[in-house]
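Since we're looking at a predicted model, the values are computed, not measured.
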Amino acid sequence: MIILEKRANPSQVWAFATPVLAVVLTMIVGGILFAALGKNPFVTIRTIFLDPLFSEFAWFYRPQLMIKGAPLVLIAIGLSFGFRAGVWNIGAEGQYIMGAIFGAAVGLALYPMELRLIFPAMVITGAFGGFLWAMIPGLLRVKFGTNEILVSLMLVYVAEQLLASMALGAMRNPDGMGFPGSRNLAQYASATSWINESAGMHWGVVTAFIAVIFAYVTLARHMFGFQVRLAGQSPRAAAFAGVNPQRLVLICLGVSGALAGMAGLFEVAGPAGQISIDFNVGYGFTAIIVAFLGRLHPVGILLAGGLMALTYIGGEIAQSNLGLPGAAIQLLQGMLLFFLLAVDVLTNYRIRIGGTA
Amino acid sequence: MDLSSINPILLLASLMVAATPILLAAIGELVVERAGVLNLGVEGMMITGAVCGFVVAVGTGSPWLGFGGAAIGGALLALLFGILTQYLLSNQVATGLALTLFGLGLSALIGQGYIGIKAPSFPDWHIPLLGDIPVIGPIVFQHDPMVYVGLILVAAIWWFLNKTQGGLVLRAVGENHDAAHALGYKVIRVRLLAIMFGGACAGLGGAYLSLVRVPQWTEGMTAGAGWIALAIVVFAGWKPWRLLLGAYLFGGVTVLQLNLQAAGLAIPVEYLSMSPYIATIVVLVIMSSGRAPGSLSRIFHASR
């Protein structure tokens with residue numbers, strides 16, 4: 001009989017090993033899935049996980065890695081604070097959209113003026129848009145005890161409708177001959193987030209790295225980081241230590257909202273270029289996987305964001321070269337989170353095989 | 001705009017239809033939560049049910065078999081959640097989210113060959129005598145059978161939870177799993193059964209969308225219905241009869257906004273489409289008064 005025995009402290013070794021184990025298990029089960037879909041599992045796995053880095057076209061894919069990874073890391077860093085403290089913001093997708101709408105509005109309103117201050121102003125309004133959207137579930141939870149999971153999620157659908165309305169109405173390109181979608185901000189020199197497009201460098205990438213460092217320092221050295229960790233591990237102890245739970249909820253939601261909003265702004269002013277109906281591609285949800293896969297740790301999130309970006313790009317290659325359905329990649333990402341949660345039992349529990357110990 | 005084109009009888013009749021998928025999913029989740037488990041994967045189980053039901057119904061030509069397939073599909077996906085949370089002691093919030101992400105991917109993969117196909121028809125019942133009553137007849141007694149299945153389920157769950165020993169055990173497990181365990185009840189077994197029942201109900205709700213309400217398969221067609229079902233469980237204060245109220249309220253907003261869209265109201269379509277989600281938030285704020293089961297979303301580990 002298999003018995004689980006709670007560890008006094010989470011295992012350090014397994015805390016590092018479980019994400020790796022989860023990736024390996026995902027590759028194995030994913031391979032079986034691909035074989036069932038009539039693809040060569042080894043070729044498919046290699047295409048998804050290795051070709052973007054090491055194939056002869058890797059020079060083309062590597063910049064893509066940064067472009068896809070930046071929003072994931074940026075959003076996941078914000079989410080990780082809340083997830084540690086037991087504040088579940090799962091509406092980052094909506095905050096991402098609102099950031100893009102708010103930020104783009106500034107850029108579009110000032111077009112075609114050329115001024116250095118335009119882009120910084122867009123970043124600030126973008127962050128503010130995401131912050132505002134996250135404050136709705138935050139204030140409702142603090143004032144009325146409303147569940148922030150459900151409210152933040154409902155607001156994703158509201159934001160999606162608002163995005164559609166903007167793309168078709170208020171923000172539609174007046175020179176666009178009636179097509180939906182705004183002006184292209186990436187081609188507007190004062191508003192673009194690109195630093196070097198061919199190298200995949202935009203301000204979102206830079207900000208993501210800054211956010212990682214900032215989060216690391218905050219968690220390791222700052223009082224707020226301590227409060228977040230304490231509130232997550234033992235809410236009662238946190239209350240005795242003088243942590244104000246309401247303030248914590250608002251800060252966690254505010255930070256994650258602002259970061260998601262910034263990610264949206266960098267995307268709309270760079271890689272996406274314009275406000276369009278299908279602007280959001282689910283980064284806000286994938287970032288949840290990234291946050292957990294990175295063990296809610298800033299450095300871990302950076303690595304996990306890279307890995308997830310890899311599956312996006314590898315998935316696209318597999319889609320065009322091998323005819324792998326796009327949904328299979330989405331499934332693979334979901335599977336990864338499942339396996340991670342499953343093998344995480346090893347971190348907190350010891351397995352005893354045999355009779356009663 | 002022509003508001004007179006909105007027929008109140010038809011409006012109320014379609015309200016019952018619009019509420020049914022949410023009601024089915026919510027009654028399942030209510031049982032799960034009363035057993036002390038928070039499964040946030042309702043959306044994933046619903047969409048998996050929607051695609052499984054559609055595939056089976058198209059393959060066999062029978063909507064009834066489709067609903068059966070949807071229930072099995074939903075229950076199997078829920079079992080995955082059950083194994084993770086009950087045996088591998090994973091965090092229920094995170095695992096529920098994973099279930100939703102996984103279900104969305106899985107359903108898109110299964111359903112890729114089925115886009116644009118029409119589901120076999122599922123005729124309405126015209127209940128004799130009752131269906132002929134003016135006004136009330138067309139509103140209440142001329143629907144497809146699943147509308148009544150939903151209503152019967154609500155009544156059955158109320159009876160089960162409040163009038164049977166099984167229901168008492170389930171509630172005990174949900175209120176205090178340590179005490180229930182000490183009394184010798186099989187906490188994990190009860191919870192696994194509840195989780196699978198919840199999955200089956202969510203599957204039925206999803207299949208109702210793909211087989212009756214739309215009736216077609218499109219990716220992501222549940223569009224948050226599973227999350228709204230979760231919200232309605234909170235709104236209902238974990239009581240079956242109030243669930244009915246919540247589902248009809250939501251169904252009412254949905255149907256009304258669709259009718260207003262069709263009537264050409266001056267408000268843009270996008271803003272009308274937002275209304276069910278905003279209504280859900282408003283309702284959550286005003287009505288989250290019920291007390292959640294004591295052991296909700298806490299991990300049970302029997303230490304010796």
Atom [atom1] of [X] and atom [atom2] of [Y]: how far apart are they, to the nearest 0.5 Å?
{"X": "Glu270(B)", "Y": "Glu160(A)", "atom1": "CD", "atom2": "CD", "result": "12.5 Å"}
{"X": "Leu37(A)", "Y": "Leu109(B)", "atom1": "CG", "atom2": "CG", "result": "5.5 Å"}
{"X": "Leu153(A)", "Y": "Glu43(B)", "atom1": "CG", "atom2": "CD", "result": "8.0 Å"}
{"X": "Leu272(B)", "Y": "Ser165(A)", "atom1": "CG", "atom2": "OG", "result": "11.5 Å"}
{"X": "Tyr271(B)", "Y": "Gln161(A)", "atom1": "OH", "atom2": "CD", "result": "10.0 Å"}

Lys143(A) NZ: over 12 foreign heavy atoms closer than 6.0 Å: no
More than 12 heavy atoms of other groups within 6.0 Å of Arg189(B) CZ: no
Working for side chain to side chain contact (heavy atoms under 4.5 Å, CB included), residues Leu341(A) and Leu88(B): CA-CA 8 Å; Leu341(A) 293 165; Leu88(B) 298 174; over 6 Å; no
Could you tell me which non-hydrogen atom of [X] sits nearest to which non-hydrogen atom of [Y], and how far apart they are?
{"X": "Val158(A)", "Y": "Tyr277(B)", "value": "CG2-CB, 3.8 Å"}
{"X": "Gly105(B)", "Y": "Ala327(A)", "value": "O-CB, 3.7 Å"}
{"X": "Met154(A)", "Y": "Trp227(B)", "value": "CE-CB, 3.5 Å"}

Derivation and outcome, side chain to side chain contact (heavy atoms under 4.5 Å, CB included), residues Ile149(A) and Leu40(B): CA-CA 9 Å; Ile149(A) 299 177; Leu40(B) 290 181; 3.8 Å; yes
What part of [X] lies closer than 4.5 angstrom to a heavy atom of chain B: side chain, backbone, both or neither?
{"X": "Phe292(A)", "value": "side chain"}
{"X": "Tyr349(A)", "value": "side chain"}
{"X": "Leu332(A)", "value": "neither"}
{"X": "Leu168(A)", "value": "side chain"}
{"X": "Leu33(A)", "value": "side chain"}
{"X": "Ile289(A)", "value": "side chain"}

Tyr157(A) side chain to Gly224(B) backbone, donor-acceptor under 3.5 Å: yes
Options Ile329(A), Leu331(A), Val345(A), Leu162(A), ranked by heavy-atom pairs under 4.5 Å with chain B, top entry: Leu331(A)
Chain B contacts, top residue of Ile90(A), Asp344(A), Leu340(A) (heavy-atom pairs, under 4.5 Å): Ile90(A)
Considering only heavy atoms and a distance below 4.5 Å, find which of [options] pairs most often with chain A.
{"options": "Gly44(B), Ser90(B), Pro268(B), Ala94(B)", "answer": "Ala94(B)"}
{"options": "Ile110(B), Ile228(B), Val269(B)", "answer": "Ile228(B)"}
{"options": "Thr100(B), Leu104(B), Thr85(B)", "answer": "Leu104(B)"}

Thr95(B), part contacting chain A, at a heavy-atom distance under 4.5 Å: both
Leu101(B)/Phe285(A) under side chain to side chain contact (heavy atoms under 4.5 Å, CB included): CA gap, chis, key distance, verdict: CA-CA 8 Å; Leu101(B) 297 173; Phe285(A) 292 114; 3.8 Å; yes
Candidate pair Phe144(A) and Leu284(B), rule side chain to side chain contact (heavy atoms under 4.5 Å, CB included), full reasoning: CA-CA 9 Å; Phe144(A) 303 102; Leu284(B) 268 179; over 6 Å; no
Asn348(A) vs Leu89(B) side-chain heavy atoms within contact, under 4.5 Å: no
